[in-house]
J.: 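I have a structure I would like to understand better, so I am pasting it below and will then ask my questions one at a time.
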Amino acid sequence: MPLFVAYYRRALPRFLKVKELIDGGAIGEVRYVTVLLSQRPVAEDIDPDNLPWRVLPEISGGGRFVDMGSHTLDFLDFVLGPIRSATGHAANTAGYYPAEDTVTASFEFDSGVLEAGIWNFTGHADADVCEIAGSLGKVSFSSFGAEPIVLETAAGRQSSPSRTRHTSSSRSSKRWSMSCSARAAPRRPGRPARTTWVMDQILRDG
C-alpha cells in the first residue's frame with residue numbers, strides 16, 4: 001500500500017507562482033530565506049483536560065511546529081532543493097501542553113542557500129511571513145494565509161493576488177483515491193522523508 005503525505009502546497013497555484021518567480025530569475029540568485037510563523041494560543045491548547053493530539057508528542061511526534069512547520073519546509077524543498085544540514089532550539093515557554101511551543105532553527109540547502117526560521121505558538125499576535133531573498137530582489141508570501149505574493153526588486157514592488165488556497169487540495173484527494181484504486185507508484189517518492197529528517201534534527205538539538 002502506498003504511503004501518502006498531505007504536502008499539497010506544491011500543487012497550489014499561489015505557491016506555484018512563487019516557484020515560477022524563483023525559477024524565472026525574478027530575484028536573481030537566491031541568497032537566503034527567512035520564515036516567521038507566530039500564533040496566539042488557541043482555546044483547545046490551554047484546556048489541560050482536553051488537549052488536542054497536535055500538542056501531545058506521544059501521538060503527533062511534537063507540537064504545532066511538526067504539524068505546521070513541516071508544510072513550509074516541504075515547500076522550500078520543492079523550490080530550492082533538499083536541506084543538507086539543520087540545527088535548532090525548541091522550548092516549552094508557556095507550559096500549556098507537553099510539546100514544544102517555540103522553535104528556532106537554521107538550515108543550509110544543498111545549493112548553499114541559508115535559511116533561518118522562528119515558529120512560536122504562544123505569541124501576542126499572529127504573523128505568517130516567508131521571504132526568499134536573492135541578488136536582485138525578494139519574494140514574500142504566507143504559508144497558511146491568503147495574502148498577496150509580494151515581489152520587490154529595483155523596479156519596485158508588485159503584488160500578485162492570491163487564488164483560493166484549497167482548490168488543489170480537492171484535486172490531490174482525487175489523485176490519492178485514484179492512486180489507491182490503481183495501486184500506482186507515488187509521484188514524488190522519498191521527498192516527505194527529507195522534511196521529517198529536517199524536523200528531527202531540529203527537535204533533537206533542542
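Given the structure is predicted, the values throughout are model-derived calculations rather than measurements.
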J.: Is there a path of hydrophobic side-chain contacts, each under 4.5 Å between heavy atoms of I/L/V/M/F/W/Y residues, joining Ile46 to Tyr97?
T.: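 Looking at the clustering, Ile46 is in the same group as Tyr97.
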
J.: List for me each residue that meets side chain to side chain contact (heavy atoms under 4.5 Å, CB included) alongside Ser106, sequence neighbours excluded, and say none if there are none.
T.: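 Partners of Ser106 by the side chain to side chain contact (heavy atoms under 4.5 Å, CB included) criterion, ordered by chain and then number, come out as Thr87.
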
J.: Are Leu56 and Val66 co-members of a hydrophobic cluster defined by side-chain heavy atoms under 4.5 Å apart?
T.: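 Yes.
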
J.: Tell me, please, which residues at least two apart from Asp128 pass salt bridge (charged side-chain N to carboxylate O under 4.0 Å, His left out).
T.: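 For Asp128, no residue satisfies salt bridge (charged side-chain N to carboxylate O under 4.0 Å, His left out) once neighbours in sequence are set aside.
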
J.: Applying ring-ring contact (aromatic ring centres under 6.0 Å, His included), which residue pairs with at least one partner in residues 12-40 are found, sequence neighbours left out?
T.: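 As it turns out, the ring-ring contact (aromatic ring centres under 6.0 Å, His included) pairs with a partner in residues 12-40, which skip direct neighbours, are Phe15-Phe75.
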
J.: Could you go through residues 132-142 and list every donor-acceptor pair under 3.5 Å that involves a side-chain atom there, pairing it with any protein atom two or more places apart or in another chain?
T.:
residue	atom	partner	partner atom	Å
Ser135	OG	Glu29	N	3.0
Lys138	NZ	Glu131	OE1	3.4
Lys138	NZ	Glu131	OE2	3.3
Ser142	OG	Gly145	N	3.3
Ser142	OG	Gly145	O	3.4
Ser142	OG	Glu147	OE1	2.7

J.: When hydrophobic residues are tied together by side-chain contacts of less than 4.5 Å, even through go-betweens, does Leu114 share a cluster with Val129?
T.: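 Each belongs to a different hydrophobic cluster.
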
J.: Are side-chain heavy atoms of Val18 and Leu21 found at a separation under 4.5 Å?
T.: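 A side-chain contact under 4.5 Å is absent here.
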
J.: Do other residues, nucleotides or ligands put more than 12 heavy atoms under 6.0 Å from the CG atom of Leu36?
T.: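 Yes, the 6.0 Å shell around CG holds more than 12 heavy atoms from other groups.
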
J.: Could you walk me through whether Arg14 and Lys17 pass the side-chain contact (heavy atoms from CB on, under 4.5 Å) check?
T.: CA-CA 5 Å; Arg14 69 186 310 271; Lys17 177 62 177 180; 5.6 Å; no

J.: Which heavy-atom pair separates Thr153 from Ala26 by the least distance, and what is that distance?
T.: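 Looks like CG2-O, 3.6 Å.
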
J.: Taking all non-hydrogen atoms of both residues, which atom of Gly123 and which atom of Ser38 are closest, and how far apart?
T.: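 The pair with the smallest heavy-atom distance is CA-OG, 4.1 Å.
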
J.: Do the side chains of Phe107 and Ile118 join up, straight or via other hydrophobic residues, at under 4.5 Å, putting them in one cluster?
T.: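 Cluster IDs for Phe107 and Ile118 differ.
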
J.: Mind running side-chain contact (heavy atoms from CB on, under 4.5 Å) on Leu203 and Phe65 for me, showing each step along the way?
T.: CA-CA 10 Å; Leu203 296 179; Phe65 166 70; 4.1 Å; yes

J.: Tell me which pairs pass salt bridge (Lys or Arg N to Asp or Glu O under 4.0 Å) where either residue lies in residues 58-78, with sequence neighbours left out.
T.: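 Sorted result for residues 58-78: Arg10-Asp74, Glu44-Arg64, Asp45-Arg64, Arg54-Asp67, Asp77-Arg191, Asp77-Arg194.
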
J.: Looking at CE of Met199 and CG of Leu73, how far apart are the two atoms once the value is rounded to the nearest 0.5 Å?
T.: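 So the gap between those two atoms works out to 7.0 Å.
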
J.: When rounded to the nearest 0.5 angstrom, what distance separates SG in Cys130 from CD1 in Ile149?
T.: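 It is 11.0 Å, given to the nearest 0.5 Å.
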
J.: Using side-chain hydrogen bond (donor to acceptor under 3.5 Å, both in side chains) as the criterion, list what pairs up with Asp23, not counting sequence neighbours.
T.: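 side-chain hydrogen bond (donor to acceptor under 3.5 Å, both in side chains) check on Asp23 returns Lys19.
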
J.: Run the side-chain contact (heavy atoms from CB on, under 4.5 Å) test on Leu76 and Val35 for me, step by step, so that the C-alpha distance in whole Å, both residues' side-chain angles and the decisive distance to 0.1 Å come before the verdict.
T.: CA-CA 10 Å; Leu76 292 173; Val35 176; 4.1 Å; yes

J.: Determine, using the 4.5 Å side-chain heavy-atom cutoff (strictly less than), whether Leu16 and Val150 are members of one ILVMFWY cluster.
T.: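 No: no chain of side-chain contacts under 4.5 Å links Leu16 to Val150.
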
J.: Return the CH2 to CG distance between Trp119 and Asp101, rounded to the nearest 0.5 Å.
T.: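 Reported to 0.5 Å precision, the distance equals 14.5 Å.
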
J.: Nearest 0.5 Å, please: how far is CD1 in Ile83 from OG1 in Thr195?
T.: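 Rounded to the nearest 0.5 Å, the OG1-CD1 separation comes out at 7.0 Å.
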
J.: Can Phe121 and Glu100 be said to form a side-chain contact (heavy atoms from CB on, under 4.5 Å), step by step?
T.: CA-CA 9 Å; Phe121 300 97; Glu100 76 289 340; over 6 Å; no

J.: Work out which heavy atom in Pro98 is nearest to a heavy atom in Val55; give both atom names and the distance.
T.: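 Of all heavy-atom pairs spanning Pro98 and Val55, the closest is CD-O, 3.6 Å.
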
J.: In Å and rounded to the nearest 0.5 Å, what is the CZ to CG distance from Phe144 to Asp126?
T.: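 Reported value, rounded in 0.5 Å steps: 12.5 Å.
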
J.: Quick check for you: to the nearest 0.5 Å, what is the distance between Leu37 atom CG and His71 atom NE2?
T.: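 Rounded to the nearest 0.5 Å, the CG-NE2 separation comes to 11.5 Å.
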
J.: Has Asn120 got a side-chain atom pairing as donor or acceptor with Val103's backbone, closer than 3.5 angstrom?
T.: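 The answer is no, because no donor-acceptor pair under 3.5 Å joins these two groups.
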
